[in-house]
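A quick write-up on the structure given underneath.
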Amino acid sequence: MIIRSLEAEDLLCYRRLRLADLPPRGLIGVSGDNETGKSAIGELVCFALFGRTYAVGSDRIAALVRWGAPRGSLVLVLAAHGQDYEIRRQIERDGEQSARLALAGAAEPLARGADAVAERLSALLGFGFEQYLETFYLAQRELRAPDPQSLALRQMAGVAPLLVCAEELRAEVGVEQEAAQRQEERIAVIDAELAALAASHPSADGVDEELAATRRREHAVAALLKGLPEAAQAYTAAARPSLGEGLRRGLAGLASALVLLAALLVGGLWALLRLRPDLWPLPALRRWLEGLVAPLGLTAEAVLIYGAIALAGVLALLGLWHLARALAARGRRARGRRLAAWLEQIDDLDTGPIAPLRRPISAEQLEPGGVALDEQPLVDRPDSERHMRLARRVLALAASPAEVQAAVAHERVWLEHLVGALAQRREALGATLERARLGRERAQALAAERAQASQALAGHRARIGTATLASELLEGSARHRWEGFAQRVGARVGRLLPHLTDGGYEHLELDGALRIRLYRADKRGFLDAAETSSGTQRQVLLALRLALVGELAARLGRERPLVFLDEPFAFSDETRMRGGLTALRDDESVGQVWVVAQRFPQDAALALEIRCGRHPDTLEVAAGASGPRAVGVAVG
Amino acid sequence: MIRLPFGRKPAGEGAPRPSAAFAAWCEEELERRRDAGADFDQPAFRAAVALALARLKAKEREGTA
């Protein structure tokens, strides 16, 4: 980049400034006494490029307007990348600024507005304001050691993006670590909850079976509660008083025997009358019978046969009566067996431990001073022996209804107590199962959540590892690049310094912080730059500054940049100044070099010298191609 | 005239892009770590390099690199 021309009105000390046809290469010297506007030219160049100066920020830019003028303006034409660009800026007294960037001679601007022009110019030039101050522009008395931590220097060295990325990754690592810690805490909470669940929800193994068994027992007892009274009722309904029943059976048997005997006798008599009618006492019997039934006109044989038939009929009736009684007894025995079977089922019940059953007592007895609940009399539980005795009597149909009813009532009390206890146990088991189910579901949900948290934690840790290593690599690469940068800068300084110090210092060391140590032959050792004279220190810093210029120019790889040095030789003698000017002229890394000084040696290698007047408010220089050295003077 | 041996690169040819320079350095670093003899996690190294390169390239696309 080079400046072709600069025109300004009512800015800084200039009512009018016009510098035209400036030489594209070589040294442009700006000379003059104090306060003749030399540094103002540099400030105006800076303002034209960046909308601000070294001393005046964009928030106080109105200070650039010349005192008494309502506004100031400038036009700078620069050449970059084979094109000429025109920058126009205007500042009002109230600080309002306008700016415009266009190709020279073009009607349409490339950018309007201070911010847009700044952005476009930064892209065009390849550097911004900070880098310009650190390298291409040296303000008056500003010469100082470069700050290795400055963004401009880091950008120059090519390490800025590496370090910015490393810092961003470190910040992300912090965020990931916090997230990982949260996941770890969450997992710990889940583990504690799982442990608490395991303690409060014991295993439900076996509870299912126990619940099913309890239900079966409950159904069995309920069946007993229903069937036992029914069987007892059936037995009772079919029962007969044993004494009466036996007597009737005996009398019936006797009567049957007598009727049978009578029938056999009558039948025998009939047979004798038919076969041996003359046998004694059969004729007398005949006459008696025929006399007995004479009105009927029947023979003795007929009477006997009718008698035998009648007796056979009675015998048959008695036989039927016996049959009926036998069938009834059979039915009673069946009912008795059924009742006995129910009683046997009670013995077969596996109920497990049952709480004692206490006889309920009246409310009056529970009054204060009465019988306490645990002092209630126990109801004894019928045992197997009792069941067996009753069963035997029932099977023998010897148990009376009253006996059976009393026994069954006693059993019912216990069976109802039992079914109540089993129901309670079933409910408790059901509640246990439900708690276990809920606990299992909760544990499964927690396990899933834990797995998710573990996975997230693993992800965080992986990202932490990757980001940490990535930031370490970036920082390592940045260190490597910085070392290379420092070496190159040191090499440049080593080449420049002898010319700037008239051969006084040819060997130096430059560390990673860009601190220079100079070799003094007379002292046979290296000195810190601060141990040298102020003039030498300035030469060293100037060499360092120029080395940075060369490094940035090489890094940008673009055309040679412009350099503006305000009073770089303020503490140098004429010989060193001459040597410095020559070094600047011959530095192939730079293009147009502006140097400000109070005066230049006559034989200084300048392409143009702009001499500022004692009271300048107008300066016009049109150099053109006017020989090896053109001199422009202030007008006014 | 004193000619100083400053190298001047042709216009347009500047320093390599940060991502390219970083990638080249990482390849050298990979070889150094392999040659160091100690076990190191190469997949993790590659992943870290990829992450760093992605960030650098994003900066380059934004124009902030």
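In what follows, every chain begins at residue 1, and chains take the letters A, B, ... in the order their sequences are listed. Because the structure is predicted, anything quoted here is derived from the model rather than measured.
Taking SG of C26(B) as the start and CG of L474(A) as the end, the distance is 7.5 Å to the nearest 0.5 Å. S477(A) contributes atom OG, which lies 9.5 Å from atom CD of E28(B) (distance to the nearest 0.5 angstrom). The line from NZ of K59(B) to CD of E168(A) is 3.5 Å long, rounded to the nearest 0.5 Å.
For D35(B), the CG atom is densely surrounded, since the number of other residues' heavy atoms within 6.0 Å is greater than 12. Surrounding CG of D115(A) are at most 12 heavy atoms belonging to other residues, nucleotides or ligands under 6.0 Å away. More than 12 non-hydrogen atoms from other residues, nucleotides or ligands lie less than 6.0 angstrom from CD of Q42(B).
A pairwise comparison of heavy atoms in L473(A) and A48(B) identifies CD1-CB, 4.1 Å as the closest pair. L51(B) and A467(A) make their closest contact through CD2-CA, 3.7 Å (heavy atoms, listed as atom of the first residue, atom of the second, distance). Contact record, F45(B) with L469(A): CA-CD2, 3.7 Å, taken as the closest heavy-atom pair.
Neither the backbone nor the side chain of E119(A) comes within contact range of chain B; no heavy atom of the residue lies under 4.5 Å from a heavy atom of that chain. At a 4.5 Å heavy-atom cutoff, the contact between A21(B) and chain A is made by backbone and side-chain atoms alike. The contact between R33(B) and chain A is made entirely by side chain atoms (from C-beta outward), counting heavy-atom distances below 4.5 Å.
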